[in-house]
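Please read the structure below before turning to the comments.
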Amino acid sequence: FVVTETIEVNAEGRQIRRGIFRDIPRFQLLDGKYKIPQRISVVSINRDGKRSPFMTSAQENALQIRIGEETVFLEPGAYAYEIKYHMPNQVRYFETHDEVYWNATGTYWAFPILKTSAAIRLPSGAAIQDQTAYTGQKGSQEQSYSYRASGDDHIFTAERPLRPREGMTVSLSFDKGLIDPPSASEERFFWWVRNGGLILLITALAGMTLFYLRAWNRVGRDPAKGPVFARYVAPENYSAAAISHIHY
């Protein structure tokens, strides 16, 4: 994916003072249950058409892009930010179709979003099978949106303002063959995501078992016992009380 976001904000000198934070999920679910890291590469960030400084940091489940300078405060007013970044492995592959499933806005915003739209541009010749979008908080099944196609662009627009912590996720399904499937190296990576934890657990258990077995063989085994003979005379230098504590 090559993602270009245009975010228009109104800075009032309270929560937006030096710039904005853009939080992008650091992980995605593979097959609905395997958590894999996203590889996000920021290309450029502009504010009102000019390059803007930024820094990134990991914040729990999100990669946070902090846009702005510590010593530069924004005058109250409207600003337009453009964020461009790369994210591989965002196409999902099924037996009968492939799909783009994209959380366009995220659900981290502490502000209401008055207008929201997302456009997916596919290669020419895409045969669309289905489209849908979800609006609201994380996990919401609300579908308050409109859709239209314009050439190779497929445009989704939320039909209502989004409240704080709400977002819009879009889904576009198309015939197989339009997008190349994952490479052999990517398939190996996904295989390790699915099976790596179990393999490491089995390897660790086998290693511990082998270690303790060797340690037991070296120092833990009792020596072979020889024949036992009855003694009818007390050992030298042992009292009767001491002999009562001798056991074979």
What distance separates [X] [atom1] from [Y] [atom2], expressed to the nearest 0.5 Å?
X: Asn61; Y: Ile24; atom1: CG; atom2: CD1; answer: 12.5 Å
X: Leu172; Y: Trp102; atom1: CG; atom2: CH2; answer: 14.0 Å
X: Thr169; Y: Tyr134; atom1: OG1; atom2: OH; answer: 9.5 Å
X: Ile113; Y: Arg165; atom1: CD1; atom2: CZ; answer: 11.0 Å
X: Ser57; Y: Leu63; atom1: OG; atom2: CG; answer: 7.0 Å
X: His97; Y: Leu178; atom1: NE2; atom2: CG; answer: 13.0 Å

If only side-chain N and O atoms count, and only distance matters, is there a donor-acceptor pair under 3.5 Å linking [Y] with [X]?
X: Gln137; Y: Glu142; value: no
X: Glu159; Y: Thr157; value: no
X: Tyr145; Y: Gln131; value: yes
X: Glu99; Y: Ser171; value: yes
X: Ser52; Y: Asn46; value: no
X: Gln129; Y: Asp175; value: yes

**Prompt:** Given the rule in the side-chain contact (heavy atoms from CB on, under 4.5 Å) test, do Tyr85 and Ile45 qualify, once you have shown the distances and angles that lead to the verdict?
**Reply:** CA-CA 9 Å; Tyr85 55 94; Ile45 296 180; over 6 Å; no
Do [X] and [Y] land in one hydrophobic cluster if side-chain heavy atoms of ILVMFWY residues count as linked below 4.5 Å?
X: Val72; Y: Ile20; value: no
X: Ile40; Y: Phe1; value: yes
X: Tyr108; Y: Met87; value: no
X: Met168; Y: Tyr147; value: yes
X: Leu162; Y: Ile155; value: no

Quick check against the 3.5 Å criterion: does [X] have a side-chain atom that pairs as donor or acceptor with the backbone of [Y]?
X: Thr135; Y: Ser144; result: yes
X: Arg18; Y: Glu70; result: yes
X: Ser150; Y: Asp153; result: no
X: Lys176; Y: Phe94; result: yes
X: Asp98; Y: Tyr93; result: no

Indicate yes or no: at least one non-hydrogen side-chain atom of [X] is less than 4.5 angstrom from one of [Y].
X: His86; Y: Val43; answer: yes
X: Gln38; Y: Gln90; answer: yes
X: Thr4; Y: Glu82; answer: yes
X: Arg39; Y: Pro88; answer: yes
X: His154; Y: Ile128; answer: yes
X: Lys115; Y: Pro161; answer: no
X: Pro164; Y: Pro112; answer: yes
X: Phe174; Y: Ile179; answer: yes

**Request:** Quick one: sort the Tyr79 and Tyr81 rings into parallel, tilted or perpendicular, breaks at 30° and 60°.
**Result:** tilted
**CA sep, side-chain torsions, deciding dist, call: Asp152, Leu122, side-chain contact (heavy atoms from CB on, under 4.5 Å)** = CA-CA 6 Å; Asp152 296 326; Leu122 295 177; 5.5 Å; no
**Item:** Arg160 and Glu166 ion-paired at < 4.0 Å
**Value:** yes
**Request:** Give a yes or no on whether a salt bridge exists between Arg22 and Glu5, defined as a side-chain N under 4.0 angstrom from a carboxylate O.
**Result:** yes
**Request:** Go through the steps for Arg47 and Ile67 under the test side-chain contact (heavy atoms from CB on, under 4.5 Å), then give the verdict.
**Result:** CA-CA 9 Å; Arg47 189 191 74 205; Ile67 306 171; 5.8 Å; no
**Request:** Decide yes or no on side-chain contact (heavy atoms from CB on, under 4.5 Å) for Val9 and Ile7, but give the supporting numbers first.
**Result:** CA-CA 6 Å; Val9 302; Ile7 304 172; 3.8 Å; yes
**Prompt:** Between Thr105 and Gly167, which heavy-atom pair has the shortest distance, and what is it?
**Reply:** OG1-CA, 3.0 Å
**Nearest heavy-atom neighbours spanning Gly136 and Thr107** = O-CG2, 4.3 Å
**Heavy atoms from other residues, nucleotides or ligands near OH of Tyr238 exceed 12 (cutoff 6.0 Å)** = no
**Prompt:** Relative to Phe73, does Arg17 satisfy both conditions: NZ or CZ under 6.0 angstrom from the six-membered ring centre, and within 45 degrees of the ring's axis?
**Reply:** no
